[in-house]
Amino acid sequence: MELPAEVLIHNELLGVKGGRGTLLQVSQDGYYEVNCAFGERIHRTLFPIQGTVLIYRQPEDTTRRDLEIER
C-alpha cells in the first residue's frame, strides 16, 4: 500500500468504527499516524497499532491474476 492511503479506521478503545482517515505513516514506535476529520477540521492523530484495524478504502481488483501479496 502506497502512502498516503485513504483508510477506514476501527478502534474499540476509542469507539471508532469505520471512521474515515488518511494513513500518513506507520511508526516503528507502535502507532499509525492518520489525518482524521473531527467536525469540519482535519486533525493529525496517532492510533496504537495494537488494537487498531485499518482497512484500505479502495477494494482490491480480484480480476487481476498477477496479484502479489507483500508480507
**Request:** Under the salt bridge (charged side-chain N to carboxylate O under 4.0 Å, His left out) rule, collect the residues that match up with R20, sequence neighbours excluded.
**Result:**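 Residues passing salt bridge (charged side-chain N to carboxylate O under 4.0 Å, His left out) with R20: none at all.
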**Item:** side chain to side chain contact (heavy atoms under 4.5 Å, CB included) evaluation trace for L8 with L54
**Value:** CA-CA 6 Å; L8 299 172; L54 298 182; over 6 Å; no
**Message:** With rounding to the nearest 0.5 angstrom, report the CD1 to CG distance, I9 to L14.
**Reply:** 10.0 Å
**Asked** When rounded to the nearest 0.5 angstrom, what distance separates OG1 in T52 from NE2 in H10?
**Response**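 That separation rounds to 11.0 Å.
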**Asked** V26 and I49: side chain to side chain contact (heavy atoms under 4.5 Å, CB included), yes or no, with the steps?
**Response** CA-CA 8 Å; V26 179; I49 290 173; 3.9 Å; yes
**Prompt:** Is V16 reachable from L23 through a run of I, L, V, M, F, W or Y residues, each pair having side-chain heavy atoms under 4.5 Å apart?
**Reply:**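 Yes, same cluster.
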**Prompt:** Can you hop from V7 to L46 via hydrophobic side chains spaced under 4.5 Å?
**Reply:**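 Shared cluster, no.
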Could you pull out every donor-acceptor pair under 3.5 Å between side chains of residues 31-40 and any protein atom, sequence neighbours left out?
residue	atom	partner	partner atom	Å
E33	OE2	R44	NH1	3.1
N35	OD1	R44	NE	3.3

**Asked** Side chains of N11 and P48: closer than 4.5 Å at any heavy-atom pair?
**Response**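 Yes, close enough: below the 4.5 Å cut-off.
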